[in-house]
Each structure stands twice: as C-alpha cells, then as structure tokens.
Number of protein chains: 2
Amino acid sequence: MSFTTETAVTNADKTYMQLRNDIVEGRVAAGTKLSEVELSTNYCVSRAVIREAINRLMACHLVERKANVGARVVTLSPEGLEQLYQVRESLEGMAARLAAKNMTDTEIENLQHLLNTHFDQQVQTGESYYQEAGDVDFHYRIVQGSKNQHLISVLINGLYHLVRMYRVQLGMAGPRVTTAFDEHLHIVKAIANRDEELAEILMRRHILYSKNNIQTKLLNHSNLKGQ
Amino acid sequence: MSFTTETAVTNADKTYMQLRNDIVEGRVAAGTKLSEVELSTNYCVSRAVIREAINRLMACHLVERKANVGARVVTLSPEGLEQLYQVRESLEGMAARLAAKNMTDTEIENLQHLLNTHFDQQVQTGESYYQEAGDVDFHYRIVQGSKNQHLISVLINGLYHLVRMYRVQLGMAGPRVTTAFDEHLHIVKAIANRDEELAEILMRRHILYSKNNIQTKLLNHSNLKGQ
DNA sequence: GCCCGCCTATTTGTCGACAATTTTGCCAGA
DNA sequence: TCTGGCAAAATTGTCGACAAATAGGCGGGC
C-alpha cells in the first residue's frame, strides 16, 4: 500500500526505524535522554547498533547528542516548528516546480488516481483515513517526482520525520482535512498542466496553511498544559 | 581565522573530518571503494570509528553505501552538479532573505568588514586568496545569519562539502573571482538595507552564475579527458 | 566452449569487554 | 549550613574478535 518502500536489510536498519517510529509517535517522549545500554536491552541488540541508530537519528534532527554526555530526543517548540516549515515551504515549493517539469505522464496519472482513491475513502469513511497516510503519500510522490536526489533525501529521510513528529504529538485531527484535499487537487492540476510556477506557488501556500493550522494547535496545546 | 569553528572532541570526529577532507580535496578519488579495514589501518583507529565516519559521510552525500557490500565515494557528474545547485539556489536564497531579517546590526557590520578585508587582499595579492576561503566564509556567515537551525545544518554540514568537492576537483581558478566579489557586495548591501526580497534574488542569481561558471569548467574538464 | 553451482576468501555486520570521560554522592573544612 | 574537592558509579568512546553475507574462482556438467 504505502508508497515509501524503505526496506530494512540489516539489523541496524530495523532498530533505526523502530526507534525512529517510537520517537515520532511519542512512545519515547520528546526530551528524553537516550541511554545506550537501556536501549540496547529494550531493543535486544548490542550497543553498536544502537549507536548507529542514534547517529542516523541525529542526521534527521530527531535527536541531539553531546560528546561524552549522551543523546536526547529533541524538544518541540513553536520556534522549531516555524523554522522547520520555513525550509519545508522552500524545498517543497521547489519540489512541486520540478515535479511539474520532470514527472512522467503516467506518474501524473497515478497521482491523480491516488487522489481519486482518497476522495472515495473520504466520502465513505468520513475522511478519517486521508488524515495521515494520504497526505504523506501525496507529498512523497511530489518530492519523488522532482527527480532531484538531494531534495528527495533531505525531505524524505530528513525533515519529514520531524514534521510527522509535530503532527502526531499534537494529535492531528481537525477541520483542515477537506480543504487540504482541494489544495492537493489544484496542485496536481497545475502539475498536469506543466505549469511550474503555479505548482510552486500552490504548494508553498498549501504548506503555509498547514503551518498556520498546526501552529494554532500548538498554542492551544501549550495553553491547555499551562492551565 | 576561519569562521567555521568545528571542534573535534572525540576521536571519531577527527577521523570523520580527516576522511571528509581527503575526499573533498581528492586525495581519496571519487568513486573509490572505501574498505573499512584499509581505512582503519591508514587512519590508525578501529573499524568502529571508521564506520561512524562513513555513516556521517553518507549523511552529507559524500559516500554511498550498499548494505553488506560497502561504501563508495560519490562520483561527480553534470546531473549531480545541476541537482546540487538547484537546491543550493533555493536554500541559500532563503538564507539571504532570512539573514536580511534576522542578522543583528553588528553581524552585518562584521560582514561588511570581512568584505573590505577581502578587497584589500584582492588588491595586494592579486585576488588569489579570495578564491576559496573568502567565498566560503561569506556564504557561511549569511547562512548562519539566517538563524534557522535546519537551514544551517543542511547547508553547512551537508551540501557545502559536496559543493567544495566539485569546486576543488575541477580546479577552481578563473575570471569569476572579481565579479563574484561585486555580487557579494550587492548582497550585503541588500541585507544592510533589510531588503529581504532583493537579498534573496541577488543570492539566487549569484549562485546561478556560479553554477554556470563551474558547469562550463566541468564540460571543459570532461572534454579534455575525453580526448 | 559455455554456463551453473559450490566453495573459499574477503568484507561487512554484530557483539561483548575495556578505556576514558562525566556525573553523582560524600566528606571535610570553613 | 554551605562550598569545594575527592572518590565511586555510571555512561559514553574505542577496540578486537566472532558471525553473516557477498564476491570471486574452480570444477563439473551440458
């Protein structure tokens, strides 16, 4: 089903993905200290593979490490979110522009088909599915469609995990879903028309809206906690 | 002197930097297979720290690894250069815009002072210095001035090494130097005026020119080799 | 002569133990 | 009681050895 075929061949790969998911989905809380021995017992692997996993997590900014001290899961903050979405807007805008230029016709058709599927599910199940996986899938395809290796790498195995972490931990479920679907539709249309400039503009807008949406959630969140 | 204070505390840090420099500056040729045992004897450290170094190099796209097979230094190609400069243009353009917004007045003054220094050296020594370190320094400061942690990380300990690799290995010395200085001057002026939009535009242009310059060199290079 | 499968050799992946550094807790002195 | 420093405990950094997987060469079969 999922578009992201991230095949774990080695043991370190699996551990990395497990730990990454556990962090993104909050089973390992933000700000937690990551003890190597503790993790190695929990995940039933040696410290070496834990260290490799942590190193990779550092590369995608999910953990921070100080030499001879240890690694901590990053903490989420409004500033961090702002900065994250700043670069996301820039990079994904560019991805959309490149996708309008470089995607093959069949890839575009598949993308349109994907949106149709989402629409059907949205009608049937009351738009619960679209939420996570659908949105993720859509953005992944655009990024892949850019055919730019650096872009793909930075976004897909870099920033996106952090984006997901923000979304998951703030409990994403809201009125944004339906409007996001329309935005996706327009973006695909621009790409199908090979209108690079419009594709970029729409994508940047789309992400800007998304940021505003999640930002208000973050404020509510901290307000609730503050009380 | 150098602005980039990258302090190596642990042994793996040092090895990573050494190996990285050796790759960037061509002492380890592009496309070379990186044997872990060989490297561990060469650099007088255990395989564990070599593996960590290789992992970090993977994160900044200087080497590629296949599981159970090994790691190779990336190969330079016109497509790779194109893709690299595409994202560089986008990200550094954004960095310039953010720098115009977020740099402190004293930081801007320091930047202007830096350019003056470069100008003097250019006059005295016949612009040989400006070449490498000066340009690097300039761009580093702008990026840092953006105050965006993700941007800083992706560029400075990600793409820049690859950029340097392209430049070094194609033997950068050319007529571009002086015009680049003028471009830098205008960018700083825009930043000093807090003109975000102009700063971004000028920076994007600057990088575009730089790409064209290096691209013709790459063509000459491969032509020479082809004959 | 060519192709397929096996076997060996080399290389990578993983592990547990040791060394170095940091943190924590305790004690002495003011 | 508070502060400074020393010592012990815990944690990270580094290492060498073993396990697993791949690549290359050899021989047998067609």
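Atom set for the values below is all heavy atoms of this structure, side chains included, hydrogens, waters and symmetry mates excluded. Just so we're on the same page: letters track the sequence lines, and every chain starts at 1.
- The pair A/R164-A/D135 does not count as a salt bridge, with every side-chain nitrogen at least 4.0 angstrom from each carboxylate oxygen.
- When every heavy atom of A/A8 is checked against every heavy atom of A/M17, the shortest pair comes out as CB-CE, 3.3 Å.
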Walk me through whether A/Y140 and A/Y160 qualify under ring-ring contact (aromatic ring centres under 6.0 Å, His included). CA-CA 9 Å; A/Y140 275 32; A/Y160 272 5; 5.2 Å; yes
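- Within the 4.0 angstrom heavy-atom criterion, no nucleotide atom of any strand lies near B/K66.
- The nearest whole Å value for the distance from the CG atom in A/N68 to the C1' atom in D/dT14 is 11 Å.
- Both B/V69 and B/V45 lie near DNA chain D, and the one whose nearest nucleotide falls closer to the 5' end is B/V45.
- Here the C1' atom of nucleotide C/dC15 and the CG atom of A/N11 are 11 Å apart, to the nearest Å.
- Residue A/S46 has no polar side-chain atom (N or O) positioned under 4.0 Å from OP1 or OP2 of C/dT14.
- As rounded to whole Å, 13 Å separates atom C1' of D/dT14 from atom CG of B/D13.
- OP1 or OP2 of D/dT14 sits under 4.0 Å from a side-chain N or O of B/T10.
- Of the side-chain N and O atoms in B/R47, none sit less than 4.0 angstrom from OP1 or OP2 of D/dG16.
- Closest contact between the side chain of B/R65 and the listed nucleotides C/dG13, D/dT12, D/dT14 involves C/dG13.
- Straight-line distance from the CG atom of A/L39 to the P atom of D/dT12: 9 Å, rounded to whole Å.
- Remark: A/E79 does not engage B/K147 in a salt bridge, criterion side-chain N to carboxylate O under 4.0 Å.
- Remark: P of D/dT12 and CD of A/E36 are 5 Å apart, rounded to the nearest angstrom.
- If you measure from atom CG of A/L34 to atom C1' of D/dT11, you get 13 Å, rounded to the nearest angstrom.
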Could you give me the CA-CA distance, side-chain angles and deciding distance for B/V73 and B/L57, then say whether side chain to side chain contact (heavy atoms under 4.5 Å, CB included) is met? CA-CA 9 Å; B/V73 179; B/L57 290 171; over 6 Å; no
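- The nearest whole Å value for the distance from the CD atom in B/E52 to the C1' atom in C/dT14 is 16 Å.
- Mapping B/C44 and B/A67 onto DNA chain D by nearest heavy atom places B/C44 closer to the 5' end of the strand.
- Following rounding to the nearest Å, B/I50 (CD1) and D/dT14 (C1') show an atom-to-atom distance of 12 Å.
- The side chain of B/K33 contributes no N or O atom lying less than 4.0 Å from OP1 or OP2 of D/dA23.
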